[in-house]
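A short write-up of the structure that comes next.
None of the values given here were measured: they were computed from a predicted structure. As the structure lists them, so they are numbered: ligands from 1, and atoms in each ligand from 1.
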Amino acid sequence: MEEDRTKKLLRDVDAYVEELFAPPDEALEAALRDSREAGLPEINVSPSEGRLLQLLVEIVDARSVLEIGTLGGYSGIHLARGIRQPGFLTTLELNERHAEVARKNIERAGIEEEAFEIMVGDAKESLATLVREETSPFDLVFIDADKESYPEYLEWALKLTKSGSLILADNAIRGGSVLDPNDASARATREFNERIACDERLSAIVLPLIRERVDGIAIVKVL
Ligand code: SAH
Ligand code: DHB
Ligand code: MG
């Protein structure tokens with residue numbers, strides 16, 4: 001069938017890109033292995049999306065990065081690797097066990113203890129704390145926690161960034177479920193995408209990505 005051929009081609013293309021740009025990496029592989037062994041869900045970004053995250057951090061020459069949704073630290077390692085030193089990664093995680101696995105994974109990847117912090121708790125509370133403490137604006141924010149809260153995370157991200165900052169969001173396409181206006185599970189993602197598309201303070205795009213299913217990343221520049 002034509003559709004199966006297209007699917008295979010997309011997978012082959014992703015494998016080609018991955019082989020060229022995301023070669024085997026001990027710390028990243030160990031992070032995935034330990035996350036799996038600890039029973040964490042296997043919902044980290046793909047290797048090539050990880051490379052894209054690092055590249056975007058490098059493009060904006062970020063020194064301060066905020067991640068919402070740490071899991072086992074796989075995306076966090078990519079983000080941290082892109083940060084210009086001396087720099088800092090702040091990453092927010094609800095689940096204490098995920099945070100513990102992530103802390104070990106990130107440290108093993110050679111990120112100094114002084115260069116990152118995992119804030120454990122509901123991201124909304126951590127975000128409120130960061131605003132209350134008048135944290136300096138982040139150069140880049142990566143949103144990847146519970147999907148229902150994306151519109152709210154966008155509002156917090158706008159409070160915690162400045163002109164020139166980037167806001168990224170994973171899972172912007174969600175297997176195409178954003179295309180179906182009746183799919184309640186994708187409602188917040190659609191709302192997020194519509195907001196970034198229409199807000200005149202922002203310049204944005206959603207870039208489709210090949211994963212197990214088609215997904216995407218939202219890339220937003222704060223004007
Ligand atoms: N960015 C990770 C994947 C994150 S998966 C990577 O690519 O490697 C989503 C994570 O968000 C999970 O670990 C989940 O526990 C966390 N999460 C879900 N709801 C949250 C909330 N309200 N506050 C903070 N973290 C949350
Ligand atoms: C899934 C994938 C993700 O990247 C995520 O952040 C949450 C869930 C998933 O495939 O279910
Ligand atoms: Mg994700």
Q: Quick one: closest heavy-atom pair of R103 and F116, and the distance?
A: O-CZ, 4.0 Å
Q: Classify the contact between D170 and ligand 2 as side chain, backbone, both or neither, using a heavy-atom distance cut-off of under 4.0 Å.
A: side chain
Q.
For a side-chain contact (heavy atoms from CB on, under 4.5 Å) check, start with the C-alpha distance between L140 and L168, then their side-chain angles and the critical distance, and finish with the verdict.
A. CA-CA 8 Å; L140 186 145; L168 311 174; 4.0 Å; yes
Q. For E117 and T91, does a side-chain donor sit closer than 3.5 Å to a side-chain acceptor?
A. no
Q) Just heavy atoms, cut-off under 4.0 Å: does N171 contact ligand 2 by side chain, backbone, both, or neither? A) side chain
Q: Give the residue and atom name of whichever protein heavy atom lies nearest to atom 9 (C) of ligand 2, and the separation in Å to one decimal.
A: I43 CG2, 3.8 Å
Q.
Any heavy atom of E67 closer to ligand 1 than 4.0 angstrom?
A. yes
Q) What protein heavy atom sits nearest atom 21 (C) of ligand 1, and how far away is it? A) D146 OD1, 3.5 Å
Q. For G121, is the nearest heavy atom under 4.0 Å from an atom of ligand 1?
A. yes
**Q.** Minimum-distance protein heavy atom relative to atom 10 (O) of ligand 2
**A.** R213 NH2, 4.0 Å
Q | Metal proximity, D215 vs the Mg ion (ligand 3), N/O/S cut-off 2.8 Å | A | no
Q. At the 4.0 Å heavy-atom cut-off, does E212 count as touching ligand 2?
A. no
Q: Look at the side chain of T135 and the backbone N and O of V131, then say whether any donor-acceptor pair between them is shorter than 3.5 Å.
A: no
Q) What's the atom name of the N, O or S in D144 nearest to the Mg ion (ligand 3)? A) OD1
Q: Would you check if the side chain of D139 reaches a backbone N or O of S64 as a donor-acceptor pair within less than 3.5 Å?
A: yes
Q: Please step through side-chain hydrogen bond (donor to acceptor under 3.5 Å, both in side chains) for the pair N171 and R174, ending with a clear verdict.
A: CA-CA 5 Å; N171 310 112; R174 310 194 63 199; over 6 Å; no
Q | Backbone N/O of F138 and side chain of S165: donor-acceptor pair under 3.5 Å | A | yes
Q: Mind checking whether R211 contacts ligand 2 via backbone (N, CA, C, O), side chain (CB onward), both or neither, at a 4.0 Å heavy-atom cut-off?
A: side chain
Q) Is the closest side-chain heavy-atom distance between V13 and L9 below 4.5 Å? A) yes
Q | Whether S75 has an N, O or S atom under 2.8 Å from the Mg ion (ligand 3) | A | no
Q: Write out the residue and atom name of the closest protein heavy atom to atom 26 (C) of ligand 1, then the distance separating them to 0.1 Å.
A: L94 CB, 3.6 Å
